[in-house]
Amino acid sequence: MVRAEGVRKHFGKLDVLKGIDLTVERGQVCCLLGPSGSGKSTFLRCINHLEKVDGGKLTVDGQLVGYRQHGNKLHELREREVAERRRDIGMVFQRFNLFPHMTALENVTEAPVKVGGVSKADAREQAHALLEQVGLGDRAHHYPAQLSGGQQQRVAIARALAMKPKLMLFDEPTSALDPELVGDVLDVMRHLAADGMTMVVVTHEIGFAREVGDTAVFMDEGVVVEAGDPRQVLVEPEQERTRAFLSKVL
Ligand code: ADP
Ligand code: MG
């Protein structure tokens with residue numbers, strides 16, 4: 001579903017991604033860990049067309065990110081084409097960026113109705129099912145301010161799922177939450193993984209990465225230091241840098 005080969009990204013003189021190699025198979029969960037500033041968010045943003053890749057090759061579901069192939073020629077995607085590709089990718093950020101003036105239900109129905117061409121009635125029906133799925137069936141008519149951070153984050157997940165994405169990206173989805181609210185969000189993600197969703201999850205929840213991750217990737221300073229089975233990478237890492245990081249977050 002995601003294949004990165006030597007992916008590079010710089011901001012001015014700052015080399016942020018220095019050749020990332022990474023593969024996420026369909027239906028798998030890849031957990032991305034690493035110190036602050038190592039390039040994790042930038043990499044997710046590249047996958048989601050929010051940053052332009054400067055070098056290497058990045059494909060999502062076999063399609064080169066940012067380009068359309070025509071014969072053996074590559075054409076840069078137009079804005080409309082980027083928007084189409086992005087519809088297949090759901091993203092959940094650290095800060096639950098729900099529309100504050102809309103109820104949970106309205107947040108979830110907004111995109112399917114506005115850009116997905118789904119009827120209001122169908123979108124509402126689907127949204128109720130999604131809110132049920134994330135454990136918020138009884139909060140459909142609440143506004144974000146009336147919900148806890150964990151509930152808002154679960155609405156954000158439901159909202160991303162409403163577009164029926166083939167890939168879900170999570171960027172530290174529980175980092176801004178009070179500790180007692182983290183579990184419910186991770187449970188929703190765990191179920192999503194069990195249902196076969198392909199996911200790339202930036203997280204420092206080592207327990208989650210170990211249990212749910214099919215692969216764990218440890219990044220530092222724009223490179224992949226170590227990658228593989230989470231039960232190996234996160235339990236008996238081979239690299240000193242990985243070990244040092246784990247001893248800080250555990
Ligand atoms: P992480 O998510 O691992 O903490 P980021 O991908 O957010 O790391 O950032 C990696 C580096 O890139 C940091 O040094 C950050 O300051 C820098 N960076 C990220 N986005 C930009 C930007 N838009 N312009 C300039 N520098 C950026
Ligand atoms: Mg980040």
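First listed ligand is number 1; within each ligand, the first listed atom is number 1.
- At a 3.5 angstrom cut-off on N or O pairs, Gly37 counts as close to ligand 1.
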Begin with the C-alpha distance, continue with both residues' side-chain angles, and end with the deciding distance and a verdict on side chain to side chain contact (heavy atoms under 4.5 Å, CB included) for Val29 and Val201.
CA-CA 7 Å; Val29 177; Val201 184; 4.2 Å; yes
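- Every atom of ligand 1 is numbered from 1 in the order shown, and the set under 4.0 Å from a heavy atom of Pro35 is 3 (O).
- By the definition of a contact as any protein heavy atom under 4.0 Å away, atom 10 (C) of ligand 1 is in contact.
- Residue contacts with ligand 1 for Val16 involve side-chain atoms from C-beta outward but no N, CA, C or O (heavy atoms, distance under 4.0 Å).
- For atom 20 (N) of ligand 1, a protein non-hydrogen atom is found at a distance below 4.0 Å.
- Residue, atom and distance of the protein heavy atom nearest to atom 14 (O) of ligand 1 are Leu14 CD2, 3.7 Å.
- Of the protein's non-hydrogen atoms, the one nearest atom 27 (C) of ligand 1 is Phe11 CD1, 3.2 Å.
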Side chain to side chain contact (heavy atoms under 4.5 Å, CB included) assessment of Val65 paired with Glu51:
CA-CA 10 Å; Val65 171; Glu51 299 289 353; over 6 Å; no
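- Under the 4.0 angstrom criterion for non-hydrogen atoms, Gly222 is not in contact with ligand 1.
- The residues Arg45 and Asp171 are annotated as not salt-bridged, no charged nitrogen and carboxylate oxygen being separated by less than 4.0 angstrom.
- Figure legend: cation-pi geometry between Arg243 and Phe218 absent, as NZ or CZ is not positioned both under 6.0 Å from the six-membered ring centre and within 45° of its axis.
- Under the 3.5 Å distance criterion, with hydrogens and angles disregarded, a donor-acceptor pair is assigned to the side chains of Ser175 and Glu172.
- Backbone or side-chain N, O or S atoms of Ser41 reach the Mg ion (ligand 2) at under 2.8 Å.
- Note on Glu211 versus Arg190: salt bridge recorded, some NZ/NE/NH1/NH2 to OD/OE distance being below 4.0 Å.
- Contact atoms of ligand 1 toward Ser36: 4 (O) (distance under 4.0 Å to a heavy atom of the residue).
- Atom CD of Glu125 has 12 or fewer neighbouring heavy atoms from other residues, nucleotides or ligands inside a 6.0 Å radius.
- If you look at Asp171 next to ligand 1, there are no close heavy atoms at all, none under 4.0 Å.
- A salt bridge links Arg241 and Asp220; the closest N-O separation between the charged side-chain nitrogens and carboxylate oxygens is under 4.0 Å.
- Residue Glu79 qualifies as open at atom CD: its count of foreign heavy atoms under 6.0 Å is 12 or below.
- Distances from ligand 1 to the non-hydrogen atoms of Ser38 include at least one value under 4.0 Å.
- A salt bridge links Glu84 with Arg80; the closest basic N to acidic carboxylate O contact falls under 4.0 Å.
- The protein atom (non-hydrogen) at minimum distance from atom 3 (O) of ligand 1 is Lys40 NZ, 2.8 Å.
- The protein heavy atom nearest to atom 6 (O) of ligand 1 is Thr42 OG1, 2.5 Å.
- Atom 8 (O) of ligand 1 has its closest protein heavy atom at Gly39 N, 3.2 Å.
- Annotation: atom 7 (O) of ligand 1 to nearest protein heavy atom, Ser41 CB, 3.7 Å.
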